[in-house]
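Taking it in order: structure first as structure tokens, then the write-up.
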Amino acid sequence: MEFSQAKERVKELHNLLHQYSYEYHVLDKPSVPDSEYDRLLHELIGLEEEYEELKTPDSPTVRVGGDPLSSFEKVEHKTPMLSLGNAFNEEDLADFDRRVRQGVGDNVSYVCELKIDGLAVSLRYEGGAFAQGATRGDGTIGEDISNNLKTIRSIPLRASEPLSMEVRGEAYMPKKSFEKLNEEKLERGEEPFANPRNAAAGSLRQLDSKLAAKRNLDIFVYSIADVGNTGITSHSEALDKLEQLGFKTNPNRQKCDTIEEVYSYIKHWTEQRTELPYDIDGIVIKVDEFFQQEELGTTAKSPRWAIAYKFPAEEVVTKLLDIELNVGRTGVITPTALLEPVQVAGTTVSRASLHNEDLIREKDIRIGDNVVVKKAGDIIPEVVNVLEERRTGEEKEFTMPTHCPECESELVRLEGEVALRCLNPKCPAQIREGFIHFVSRNAMNIDGLGEKVVTQLFKEKLIEDVADLYQLQKEQLLELERMGERSVTKLLQAIEASKGNSLERLLFGLGIRHVGAKAAKTLASVFHSMEGLQKATKEELLAIDEVGERMSDAVITYFEQPEVVELLEELRSYGVNMEYKGPKLVQAADSDSTFAAKTVVLTGKLEILSRNEAKEKLEALGAKVTGSVSKKTDLLIAGEDAGSKLTKAEDLGIEVWSEQQFIEELKKQ
Ligand code: IVH
């Protein structure tokens, strides 16, 4: 075929394929059989191979994926991608309704929508063509996952009008695709995904879009980010417009004029949700009119004109098969219930924490019992109660062992503690757990050392203590299961980088009794170096505000041990930094910052700063950061999903700031 002819045919094929794809994936009304689509697509692939210059970014052939990337580029969201405040019951919704009506009066309508349990994505169109797609990231900066998003066939590569705009929506994996994917994974002996949301997230984070293309993802779009110049005046109009433009919106939306109508919508979908071909985790309620949305405005993280009602925690009945015992880093023995796997709140649950022996007694939990298990969202499942009426007499009472399941030393119950402990400092389980703690995020922050790898390292005797970590060789790591060239290189880089950590990370990582992350920070900022701390006397330690008798004794005892002195020497010789790099301790009285001498509580999910960063900044400015709200609290900084602490602070009349307010104030310091 000649070039000019090919060009014409490519254009025709584009139009046909776009049309068929739209009919099939958006309208769910195919007009031609799949075989016809495939035939035309192959013809197009052939032509693009022959004439490379005819291959355009919006060609339907991009649906099959392209060359793998080495990493994702960062994308700045021009309009931040906010999240929603939560409601858990009718009372929360009534409060929301009251606030809205206070703000804009009684002439208000809501649009209720399903809250799709997937991943928020942003799709940028230039002159009607799909230009870029990104993840939400931290709300301000996401990642460019255009190639993966292009494989989602319900995302138009061209809108029906040549508009430049940014569309937002939720990418998800339909239940059927999820089941199929997990079956395939199991057949290949791979770990299945826990739920469709994780599967969707994993697929969109694939660097190889050809793999993403095989995952059958889908999308529902729910807003135009830059609606400013479109002449659209309400959310419901925007959704209709998106449909006209060729996007897939969720049809199960409903306009409600009263909060009672909202309740019935919620009731209906709470009952019907399992019938849907995709997972939803709640209902989103939005004020319809844009002028009212504007009037209500947004807080730092979420609009005041919308709220997400979250479905309640689910409870299911399953059988408790056995009780497993785990030895923690400090020797505490924790019992875990092993359950017959059940689906609850969208995930398969096969374990639940039992906390301690007292709880097992209190609830009279026996092996073989039918138990009620509860799980809410990402929270660790727990055993709520036992169904005594279902007992057969075969159930076995559980007694805690007298000896450590790992090292067989005698277990003791220390005075005033509920937990049983193994006191053997050489207990392999404690050493292994201590090692996991050493590399964890708030300690030395070494990525790539999951529990499985660590267990192997100990089994193969490649490590015996944390210092051995700095002697690991590439060849040794390559021998381990699941460790390829790339992950080994990354791990070694992470180990190397950890040598430069400021002292408090090492101090916390060492796992000195009673020295948590916060105390480690204080000690580091007061003594500046490991050497300084090693020489500290009890009096010097006690002189520090937050250090009491227990901690000072623990610190002194720790550094007196010859094994510890030896370990620190070894770490030093491998180049591990032993100096404090952060700001020197600001005595509250010296600081003239807004936060000086204030008692601050952080709650909820922070989006811009990590919890630790926020805490570090506050402490550096002389604030005391505590974990619970009391009359002594001066300020509560509340992130997303803030719960009882927020309510308590409000009850006590304590000042509450959003994260954004906090950031603004920080800038002034
Ligand atoms: S509206 C300003 N509508 O739920 C926030 N969100 O925190 C606009 N989600 O991550 C969000 N279904 O990705 C909206 N119909 C829907 C949704 C929805 C799912 C997600 C969204 C966001 C989270 C809300």
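As the structure lists them, so they are numbered: ligands from 1, and atoms in each ligand from 1. We number each residue from 1, following the sequence as shown.
Pairs of residues two or more places apart, or lying in two chains, that qualify as salt bridge (Lys or Arg N to Asp or Glu O under 4.0 Å) and include a residue from residues 62-80 are Lys74-Glu143.
Salt-bridge annotation for Lys648 and Asp651: absent, with no side-chain N of the basic residue lying under 4.0 Å from a carboxylate O of the acidic one. A salt bridge does not link Lys214 to Glu184: none of the charged nitrogens lies less than 4.0 Å from a carboxylate oxygen.
Ring pair Phe247/Tyr125: centre-to-centre distance below 6.0 Å. Ring centroid separation for the pair Phe220 and Tyr172 comes in under the 6.0 Å cut-off.
Under 4.0 angstrom from ligand 1, the non-hydrogen atoms of Lys115 come from both its backbone and its side chain. With a 4.0 Å heavy-atom cut-off, ligand 1 is reached by no atom of Met81. At a 4.0 Å heavy-atom cut-off, ligand 1 touches Pro303 through the side chain alone. Here Leu114 has backbone heavy atoms under 4.0 Å from ligand 1, and that is the only part of it that gets that close.
Counting only heavy atoms of the protein, atom 5 (C) of ligand 1 lies nearest to Leu82 O, 3.6 Å. Closest to atom 10 (O) of ligand 1 among all protein heavy atoms lies Ala120 CB, 3.9 Å. For atom 3 (N) of ligand 1, the closest non-hydrogen atom on the protein side is Lys286 NZ, 3.0 Å.
Although no hydrogens or angles enter the test, the distance criterion places no donor-acceptor pair under 3.5 Å between the side chain of Lys615 and the main chain of Thr626. In this structure, the side chain of Asp97 does not engage the main chain of Leu93 through any donor-acceptor pair within 3.5 Å. For Ser160 (side chain) and Gly246 (main-chain N/O), no donor-acceptor pair under 3.5 Å exists by modelled atom type.
Annotation: cation-pi geometry not satisfied between Lys115 and Tyr309 (NZ/CZ under 6.0 angstrom from ring centroid, within 45° of ring axis).
Ligand 1 has no N or O atom lying under 3.5 Å from any N or O atom of Arg136, backbone or side chain. Looking at ligand 1, you'll find an N or O of Glu113 within less than 3.5 Å of one of its N or O atoms. Looking at Leu84 next to ligand 1, an N or O pair under 3.5 Å apart turns up. The shortest N/O to N/O separation between Glu170 and ligand 1 falls below 3.5 Å. On a distance-only criterion, Ile116 and ligand 1 share at least one N/O pair closer than 3.5 Å.
Less than 4.0 angstrom separates some heavy atom of Val284 from each of these atoms of ligand 1: 3 (N), 16 (C), 17 (C). Applying the 4.0 Å criterion to heavy atoms of Ser83 picks out, from ligand 1, the atoms 7 (O).
Closest heavy-atom approach to atom 11 (C) of ligand 1 within the set Tyr222, Trp305, Phe220, Tyr172: this belongs to Tyr222.
In this model, no donor atom of one side chain and acceptor atom of the other lie less than 3.5 Å apart for Gln293 and Glu289.
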